[in-house]
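For reference, the structure is listed below as structure tokens.
Lettering follows sequence order; numbering is per chain, from 1. Only this structure's heavy atoms are used, side chains among them; waters, hydrogens and symmetry mates stay out.
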There are 2 protein chains.
Amino acid sequence: MFIEIEPDSAVPIYLQLAQQIMEGIARGELAPETPLPSVRAFAADLGMNMHTVNKAYHYLEEKKMIEIVPKKGVFIHANAIRSASTEEKARMEEELRPILAEALCLQLNREELAGMVEKMVREIREGSE
Amino acid sequence: MFIEIEPDSAVPIYLQLAQQIMEGIARGELAPETPLPSVRAFAADLGMNMHTVNKAYHYLEEKKMIEIVPKKGVFIHANAIRSASTEEKARMEEELRPILAEALCLQLNREELAGMVEKMVREIREGSE
DNA sequence: TATGCTGTTCTATTATTTATATAACAACTG
DNA sequence: CAGTTGTTATATAAATAATAGAACAGCATA
């Protein structure tokens, strides 16, 4: 699992970490039940604070992407790869909204939008940055 | 122009405002050269602070979606509806990334993703929330 | 049994961001 | 001249982000 954190990004580093773990899951690199490093080990590895890793973990737990078992460890959720619920779809749609508004101003048509989606899906699947 | 601000949203209200103005542009409701309310008038109308509206305006100016003319007023950018630059496309792609990672975990396929995009484009065009 | 690991909790500090509030300035408009 | 424009400055308050150190309870194992 290769994690690349950009300290100067506008995206908080706990979110960068959570998103890259989610990409690992999407890619199949992190299969359900796979253990993740302890908050201390991961923090030391990434050069960040234990509590920051903890925050990323809880963000992913909230999304039911990982399971935190107190005193045991952290694991990719047994059901991490699943069908989206109505709520999950609605959340993703709302996140899509501002990006699409900009895309419409910038005159991207149906095909170009589909092309961008395909490109990014490919990049996520390949693990490229 | 109907603006709906959710004060308890995780999205800062200056961003909500900026995004809804951009939707107005995308929808064609706010055509290029159209004047926007003054920071004071808009703030009073929306029940928020002048500086908050100002921050939304500068966010949109940074994106070249509006033009701020000191001592004159604020207008929809003459070139607000244009072709996306390489940088603009790259930015949108990066914004798409975390949403698509989640969508892959939640097993959305090409067709379902395209369907979500179409749905939200329709909602933006219709001005529905 | 003792050591070391796990996530959790608590307290604390620092910096940044968000939002509000006043006030004043310079320039344009009626 | 009066009113409006965006801008700038200062100030405060709250929330968020990130770090730090310490302690706790439970588990595994040597």
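- Residues forming a side chain to side chain contact (heavy atoms under 4.5 Å, CB included) with B:His58 (at least two apart in sequence, or on another chain): B:Asn54, B:Glu61, B:Ile68.
- Partners of A:Glu126 under the side chain to side chain contact (heavy atoms under 4.5 Å, CB included) rule, at least two apart in sequence or in another chain, are A:Arg122, A:Ser128.
- With hydrogens and angles left out, the side-chain atoms of B:His51 and B:Asn49 include a donor and acceptor closer than 3.5 Å.
- The side chain to side chain contact (heavy atoms under 4.5 Å, CB included) test applied to B:Gln19 returns A:Pro98, B:Val11, B:Leu15, not counting sequence neighbours.
- First and last contacting nucleotides of DNA chain D toward chain B (any atom under 4.0 angstrom from a heavy atom, 5' to 3' order): D:dT5 to D:dA9.
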Pairing annotation in dot-bracket form, given for DNA chain D with Watson-Crick or G-U pairs under 3.5 Å and | for cross-strand partners: ||||.|||||||||||||||||||.|||||
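- Side-chain N or O atoms of B:Gln107 include none that pairs as donor or acceptor with a backbone N or O of A:Ala84 at under 3.5 Å.
- Remark: B:Glu29 pairs with B:Arg27 by the side chain to side chain donor-acceptor pair (under 3.5 Å) rule, at least two apart or across chains.
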A:Arg82 and A:Glu88: CA distance, side-chain angles, deciding distance, salt bridge (charged side-chain N to carboxylate O under 4.0 Å, His left out) verdict: CA-CA 11 Å; A:Arg82 61 180 180 275; A:Glu88 287 167 336; 2.8 Å; yes
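- A donor-acceptor contact shorter than 3.5 Å links the side chain of B:Thr34 to the backbone of B:Ala31.
- Taking a 4.0 Å limit (strictly below) on heavy-atom distances, residues 46-59 of chain B reaches DNA chain C at B:Met48, B:Asn49, B:Met50, B:His51, B:Thr52, B:Lys55.
- With rounding to the nearest 0.5 angstrom, the CZ atom of A:Phe2 is 12.0 Å from the CD atom of A:Gln20.
- Cluster membership for B:Met22 and B:Ile3, using ILVMFWY side-chain heavy atoms within less than 4.5 angstrom, is shared.
- With A:Gln16 contributing its side chain and A:Glu6 its backbone, the two residues share a donor-acceptor pair below 3.5 Å.
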Stepwise side chain to side chain contact (heavy atoms under 4.5 Å, CB included) check, A:Phe42 with A:Val74: CA-CA 11 Å; A:Phe42 218 169; A:Val74 177; over 6 Å; no
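- Of all the residues in residues 5-24 of chain A, A:Pro12, A:Ile13, A:Tyr14 reach under 4.0 Å from DNA chain D with at least one non-hydrogen atom.
- With A:Glu33 contributing its side chain and A:Ile76 its backbone, the two residues share no donor-acceptor pair below 3.5 Å.
- Residues from residues 66-81 of chain A lying near DNA chain C, meaning a heavy-atom separation below 4.0 Å, are A:Ile68, A:Val69, A:Pro70, A:Lys71, A:Lys72, A:Gly73, A:Val74 in numerical order.
- Sorted by first and then second residue, the pairs that involve residues 94-112 of chain B and meet salt bridge (charged side-chain N to carboxylate O under 4.0 Å, His left out), not counting sequence neighbours, are A:Glu23-B:Arg97, A:Lys63-B:Glu102, A:Arg91-B:Glu102, A:Glu118-B:Arg110, A:Glu123-B:Arg97, B:Glu94-B:Arg97.
- Rounding to the nearest 0.5 Å places OG1 of B:Thr86 at 10.0 Å from CD of B:Glu93.
- Near DNA chain D, defined here as any heavy-atom distance below 4.0 Å, the residues from residues 36-45 of chain A are A:Arg40, listed numerically.
- When the side chain to side chain contact (heavy atoms under 4.5 Å, CB included) test is applied to B:Lys55, the partners found at least two apart in sequence or on another chain are B:Tyr14.
- A single hydrophobic cluster is not seen to contain both A:Phe75 and A:Leu30; linkage of ILVMFWY side chains at heavy-atom distances under 4.5 Å, directly or through other members, places them apart.
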